[in-house]
Structure formats: structure tokens, C-alpha cells
Amino acid sequence: MKKLNMIYEGKAKQLYTCEREDALIIHYKDDATAFNGAKKAQIEHKGMLNNAISTIIFKEMARAGIPTHYLETLNDRDQLCKKVHIIPLEVIVRNVIAGGMSKRLNIPEGTPSPKPIYELCYKNDELGDPLINEDHALALGVVSESELITIKTLTLQINEVLKKLFDQVGILLVDFKIEFGKTPDGKIVLADEISPDTCRFWDKETMMKLDKDRFRRDLGKVEDAYQEILRRLELIKTV
Ligand code: UDP
């Protein structure tokens, strides 16, 4: 399957049409941004690493019965996915307090949450992806009430699958962001990517950060961290 026309370029990925009407090719770039695009750089091999990591995770989701946009990994950097309408919500789950929530509420980073925290942000760069609630999402007209129920149910299931997957290889799933898409027949499916760009992963023993915070906070060894996540996931694949 070959890439035809680029129809969208985001911060970390490009989207191409292909010979299949009902599918698109997602191309993973090495570009990294943080703080709503204010900080930019290239992380060597990031595109390849995130493509490989996201592939393993999306396959695991399918095994667990979670509907996704994923069809096939075409090469090092390209994935074939179902064409969906992306719902402009960033859906976040937090198992341990970190990042934005730690700052906003002055709760020390690393504090475990008594239950998974479910958050929604409106995906809108001009507004800086503001935190919203379900009623705001309805008022924005981006989603229906029954779709919100589906999204929350799937999200909490995804959290359980991810937590278990990473726990097996000594990684604490601190938090993550996912996006959902709608197929032409109205089905809600997990879309976008799941990778160290979109999750916080801490080594359970050393608490070392193995995710994009190494880039955001200038901690160094960014590529090594992404490589380590892939290495650990590959251990599971061979079991
Ligand atoms: N996240 C993301 N994209 C965004 C904002 C957040 O993938 O535009 C992820 C981030 O990597 C983390 C989780 O969502 O795993 C929660 O992020 P937080 O709200 O703490 O964002 P921060 O303030 O750290 O950007």
C-alpha cells in the first residue's frame, strides 16, 4: 500500500490517502513538540520507535476486545488505519498524580490516586486544549450523550489493559492521553497513537521517567527511554 496525497500534518505525524477509500496511512515523524508547540526538536528514531510501540499496544487492545482504527503496520514509520472522524477530545486517565494536575492542584508528583481519574480536554490548539467536563463536551456539540458513555467505558477498560501490560515489564503507568474516532457507520473506536509521547511511564524500581517528560524537562537520554519501552514490550511479545 503506497502513500498518495498528504492531507494533514500534525506535530508528530502526517496523514496520507492511499489506494483504499476507507483507510489512511499514518506516517510517524521524529519531530517532538511540547508546551503547545513552544518547544520543538527532533528526537532521533522517535518515529520508528513510536510506530513500533503503538503497533504492539494497538494489537494488545484488539486482543482485549477494544475497537480501534488500527489495520496494519506497513513499514518502519507507516501504519494503515481505518479512516475515521477524530472526535476533538483529549481523553486523559491518571493513576498517579503528575504533570498538569500536580501543578494545578498542588498535589506532589508521584501521589497515587485512590481511583483512576478521568479527564477531558477540548482538542483546540488556539485555546490551549482546555480542561472541560462532559457537559461542556455536549455544549460544544462534539459528541453525543451515548457516545460519552461509550468513550468513558472504553477509556477505563483501556486503562486496565495498559496497566496490566506495563506492570508485567516493571513499568508504572502514571497517566496517558487517548483520542477516539467515529467510523462512517457511527462506531466509536480508539484512534491516534499510544506511545511515550502520550503516556507517562515510570520504571517501578527506580522511578526513572521513560517518556516524553525527558524531553519536556530536559532530562536527557530521550531516545534511550523510548527504546527501553520498546525493548520491554518486545519481551512480552516473545513470551
Ligand atoms: N498528553 C498528551 N498530549 C497533550 C497533553 C497531554 O499526550 O497535548 C499526555 C501526557 O503525555 C500525559 C497525560 O496526557 O501522559 C497527562 O498530561 P498532563 O495533563 O499532565 O499534561 P502536561 O501538563 O504534562 O502537558
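Atoms within each ligand, like the ligands themselves, are counted from 1 in listed order.
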One thing to verify: whether [Y] and [X] come together as a salt bridge, which I'm taking to mean a side-chain N less than 4.0 angstrom from a carboxylate O.
X: Glu9; Y: Lys11; answer: no
X: Lys209; Y: Asp211; answer: no
X: Lys182; Y: Glu147; answer: yes

Identify, with sequence neighbours excluded, every residue that meets ring pair (Phe, Tyr, Trp, His ring centres under 6.0 Å) alongside Phe215.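 Ring pair (Phe, Tyr, Trp, His ring centres under 6.0 Å) list for Phe215, sorted by chain: empty.
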Contacts of type ring pair (Phe, Tyr, Trp, His ring centres under 6.0 Å), residue Phe166, not counting sequence neighbours: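 Phe201.
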Tell me every residue that passes side-chain hydrogen bond (donor to acceptor under 3.5 Å, both in side chains) with Lys40, counting only those two or more places apart in sequence or in another chain.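 Checked Lys40 against side-chain hydrogen bond (donor to acceptor under 3.5 Å, both in side chains); zero matches.
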Neighbour list for ligand 1 [protein residues, heavy atom under 4.0 Å]: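 Lining ligand 1 at under 4.0 Å, by heavy atoms, one finds Glu90, Ile92, Arg94, Ala98, Gly99, Gly100, Asp129, Asp175, Phe176, Lys177, Asp197, Thr198, Cys199, Arg200, Arg216.
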